[in-house]
Amino acid sequence: MPNSSTPGATRPKRRRRRRGPREEPARNELVSSSLESAQQCLFNQDYGTAFVHYLLALNLAPVLKDLAKDSFRFTLFKWADELDSLGRIQDLFDSYEQALELFPTDEVIINSMGEHLFRMGFRDEAAAHFYKALKLRPDFPEAKENFYRVANWLVERWHFLMLNDHRRNRKYQLAIQRAVQEGCSTVLDIGTGTGILGMCAKKAGASEVYACELSKTMYELACEVVSANSMADSIKILHMKSMEMQIPKDIPSRVSLVVTETVDAGLLGEGIIESLIHAWKHLLLPPPNTDDPQSSPSQSGRVIPAGATVFAMAVQCPEIRRHHRVGVSAVGGLNLAAAGLIHSPVRSSPDVDEAAEPYTTERLSRVPGGFTALTQPCKVMHIDFNNPQELERLCLRDTSILQVKVIQDGLVDALAVWFQLHLDQENSISTGPDEDTCWEQAVYPAPFDCRVKCNDELLVEVSCKDAYLRLACTGRVRNGQTVSIGSQSEDTSSLVHSNPETELCSALAGLQTHQDAPNGPFTLECSEIALLNNTPYHECFQTAMAKLLSSLSSTQKSQGPKDNPSSSGPLYVLDVSEGFSVLSLISAQLGPVRAYSSVEKQQHQALLRLLTRENRVQKEALEFWLGVVEDDSALLQRPDSDKLWSAIMLDCVEICGLIRQNVMEKATLARCLLEEGGRIFPERIVINGMLVESDTLLQESAVQGTEPTLGFNIAPFINQFTVPVHVFLDLSTLECTHLSDPAELFILDLMNGSANCSSREVRIRVRTSGRVTAVPFWYLIYLDSDVSVSTYRPDSHWKQAAVILQRPLEVNEGDWVRLSVQFHKSSISIQAHREEEEITADEDRPVTINKA
Ligand code: 44T
């Protein structure tokens, strides 16, 4: 929360004095002069003063509030934007507070305050504002969209998966019941989430139950759930990290049972080792004395889960590879080999920067393109959570080396890791790739190429540093000879350096020492690496850009500089893509062009500079736009006072599968900055979608069914955080039945604003009977009228998204479904209805009706 300007905090109220009759005229005069001044200031764009005048007038004459509401809001928002850009955060929130004193239930002001909070990173507070605005007006589209945007941050989607996983819930319940029956009567649930494990303990008969939760939203949710289940008096929930808990401040004495599921896909990433070491030291009774068979569970401590066994195997997986290593030597006519090695930020070798994430996660059973196991699963380690000394030793343990037998020739793209969680002696949960489980596996991508052959031994280094389990392939043994991975001999076999010419280029690049541009190794985000590997996209861009440039230069030549002096010289091109992009350089190479890139990070600029040099593009042909414009919020402006752009590249689709916020507004602005014949890339986006039945999607979206979860009422509370659009979808591997062919849902025309509408009706013919539960969608990105790229392709760096229908729709083959598609502020929403027999059978083609 920003300093003392706690939004929503109540300030001391001034006591109102009863006015005498003679004061009325003077007051009225003051009100009307204040209103007049406010309007004058508004006219002069002096929003701060206008705001003060409005405050005065409306505080004196509340009857005018309704009348002046719109102008007041306008003034407030303008003033707030100004304060925001000046960094006057305290004043900004003070102004909102004053506005809310006047209009305490104004959902527009509340929502707008949420937006400021969100931009400043106060997500929980922002979400509370969006939520409140939505409660005040449930059909308020801005608040809804804002709430949907934060809901995923506040309550991660895996909560739904876990609550829908009945087997896992039941096993935890059984283990807890057993422990309580055996005498563990005081319980602490660490990381309680919705409160489910704590409630299990209470229901099993525990006399005292405590729970702690780090996340504010989850803590509040747990309190709501526990109250709704009439356990508010018997479970004490604390909003804190378990490591901060103290006896007797937070709980009266040591407990006999800790239950926790603070484990991530890589087992240790949620800090379970550290929190259990702390719990054994400070919160739990000592472990049972194994020498004393009489020692009673009520006087000793124990943990559920009792322990875990970790497994690993090497996999070949093109999908993982293309997100972590650049596998192409050229893209859109640019030679990339000179860039040398480009890393993803996910690295686990022990010498790597500690801030790097050692693993990412993937549900291997659903990875697009599948995977090949190159080794048998091998046991990496066993951890006993009931042995405090062992937990302490784990962190101090030296790196160990495992030798794993290779069972299949192939390229090691990653080590996949999963575990078995032993809840007690009888109940365990496995997170393995072959299990029918909601769990993902941890993926440790290989930073270098490593080809293995059947019967080789792979050397895997295992360490347990800074709360993470770290695994790395360090070498392989073939015919008794060990070759280390990442050494010279392996490196040069890399795909990037697969021909002698590019190898030479790369070697020369390595020899040159330019002061301005460091020569790698460069780190790019996984999605940026996948983008570089997306050859068809860059090729399409190159083709479309070449066409545009040649048409513009021929117009320029035919008009000649005499007729129009400003049309001579190079063509100006601006790339305002988010993150790393080579589109500017591809354009520059097509010359004569002056290309501007908006890449911000120094590393990105250095990499583009290096590629400029190595591709023999003139240094002046590529510039960094942020060095030219003063304010990065004003990216879209003319290249020069007397120049306009020939092309502006807008990055319209987010990796997660959604249209980027404000794209249409940016396109409107961009169109004003284009010279005649100039173009926005892309010029048009077609949104395609289809009808599917998918239980998996439902499971990830909300707690399903009407049955209580383990007998507890949880679903209605967590389902308040359900969002209707599911993102980061891999449609090619989603378990679902396609009930229709793909159809065009919507068109966004970036070159012609008047061609756009806000809603559209689309009719789709049902091909297979079933229940329509969702409408997955993706995009055809038109770089020009005949060159397009689909975001639903195996080589796409974009994922897909899906609208989950509020109620599934039963359909039969041959039915028509009418979709009402709305596009509002970059968000898509869809309602589906079955059309009753009003359509004749021969009308077998989709019909669309646009609404302005
Ligand atoms: N996700 C699994 C990881 N916490 C589960 O704030 C499996 C991911 C997953 N609270 C797909 C599928 C799955 N003290 O709310 C969280 C967290 C809280 C603590 C207090 C502490 N020391 C901690 C540590 C964590 O515990 C809750 C659960 S963490 C479990 C993570 C379905 N993708």
Side-chain angles (χ1 to χ4, degrees), residues 123-124 152-169 171-172 188-198 210-223 225 236-246 250-251 258-284 303-305 308 359-367 385 391 417-421 429-433 435-443 467-468 696-697 699-701 703 709 714 717-718 721 726-730:
R123 287 207 190 98
D124 278 19
N152 283 358
W153 288 101
L154 293 179
V155 175
E156 290 186 63
R157 303 297 94 177
W158 50 258
H159 283 287
F160 297 117
L161 280 174
M162 289 177 105
L163 291 167
N164 282 321
D165 185 345
H166 303 287
R167 283 209 341 240
R168 161 254 175 198
N169 296 342
K171 283 183 179 162
Y172 255 101
L188 168 65
D189 174 0
I190 296 183
T192 193
T194 54
I196 187 169
L197 301 184
Y210 307 94
C212 64
E213 174 54 58
L214 194 57
S215 136
K216 184 167 174 236
T217 312
M218 291 314 295
Y219 159 75
E220 285 170 356
L221 193 59
C223 293
V225 170
K236 182 180 175 189
I237 310 178
L238 301 149
H239 175 210
M240 57 170 64
K241 199 169 183 172
S242 64
M243 274 88 91
E244 287 160 10
M245 286 177 67
Q246 290 171 11
D250 303 304
I251 59 174
V258 158
V259 294
T260 188
E261 202 179 12
T262 49
V263 287
D264 68 338
L267 185 66
L268 310 183
E270 289 281 342
I272 191 169
I273 300 294
E274 209 187 340
S275 53
L276 288 183
I277 290 175
H278 170 269
W280 279 116
K281 270 194 193 146
H282 305 284
L283 308 171
L284 261 170
V303 177
I304 293 178
Y359 54 83
T360 138
T361 66
E362 197 76 64
R363 193 171 286 115
L364 286 172
S365 62
R366 265 199 240 163
V367 72
F385 294 137
L391 294 176
V417 167
W418 66 94
F419 54 88
Q420 228 182 338
L421 205 55
I429 292 173
S430 166
T431 69
E435 304 287 328
D436 178 22
T437 165
C438 60
W439 280 86
E440 298 183 336
Q441 289 74 48
V443 164
Y468 282 123
T696 311
L697 265 183
Q699 303 262 324
E700 293 183 10
S701 307
V703 177
T709 317
I714 301 178
F717 302 96
I718 188 151
F721 291 87
H726 192 101
V727 290
F728 283 111
L729 194 69
D730 281 316

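Just so you know, ligand 1 is whichever comes first in the structure, and atom 1 is the first atom listed for that ligand.
- Shortest contact from atom 30 (C) of ligand 1 to any protein heavy atom: Glu261 O, 3.2 Å.
- In this structure, Ala265 falls outside the shell of residues with a heavy atom less than 4.0 angstrom from ligand 1.
- In Met240, the part holding a heavy atom less than 4.0 Å from any atom of ligand 1 is the backbone.
- In this structure, the side chains of Ile429 and Tyr172 come closer than 4.5 Å at one or more pairs of heavy atoms.
- Between Leu214 and Ser242, the closest side-chain pair of non-hydrogen atoms is not below 4.5 Å.
- The nearest heavy-atom contact from the protein to atom 6 (O) of ligand 1 is Glu213 OE2, 2.6 Å.
- Side chains of Met245 and Ile251 form a contact here, defined as non-hydrogen atoms less than 4.5 Å apart.
- Proximity to Glu440 (heavy-atom distance under 4.0 Å) selects the following atoms of ligand 1: 11 (C), 33 (N).
- Aromatic ring pairs are classed by plane angle as parallel below 30°, tilted from 30° to 60° and perpendicular above 60°; the pair Tyr359 and Tyr468 is perpendicular.
- Closest to atom 12 (C) of ligand 1, if we only count protein heavy atoms, is Cys438 O, 3.2 Å.
- Contact between Val258 and Leu276 at its shortest, heavy atoms only, is CG1-CD2, 4.2 Å.
- The shortest side-chain heavy-atom distance between Met218 and Thr194 falls under the 4.5 Å cut-off.
- When only non-hydrogen protein atoms are considered, atom 13 (C) of ligand 1 lies nearest to Trp158 CB, 3.6 Å.
- Counting heavy atoms from C-beta outward, Ile714 and Val703 have side chains that stay 4.5 Å or more apart.
- Nearest protein heavy-atom contact of atom 24 (C) of ligand 1 is Thr262 CG2, 3.5 Å.
- Proximity of Val263 to ligand 1, defined as any heavy-atom pair under 4.0 Å, is confined to the backbone N, CA, C and O atoms.
- Taking any N or O of Lys241, backbone or side chain, none lies under 3.5 Å from an N or O belonging to ligand 1.
- Nearest protein neighbour of atom 32 (C) of ligand 1, counting heavy atoms only, is Met162 CG, 3.0 Å.
- For the pair Arg363 and Asp730, the minimum side-chain heavy-atom distance is 4.5 Å or more.
- Closest to atom 22 (N) of ligand 1 among all protein heavy atoms lies Ser242 OG, 3.2 Å.
- Considering only heavy atoms from C-beta on, Leu221 comes within 4.5 Å of Phe721 through its side chain.
- The protein atom (non-hydrogen) at minimum distance from atom 26 (O) of ligand 1 is Gly191 CA, 3.1 Å.
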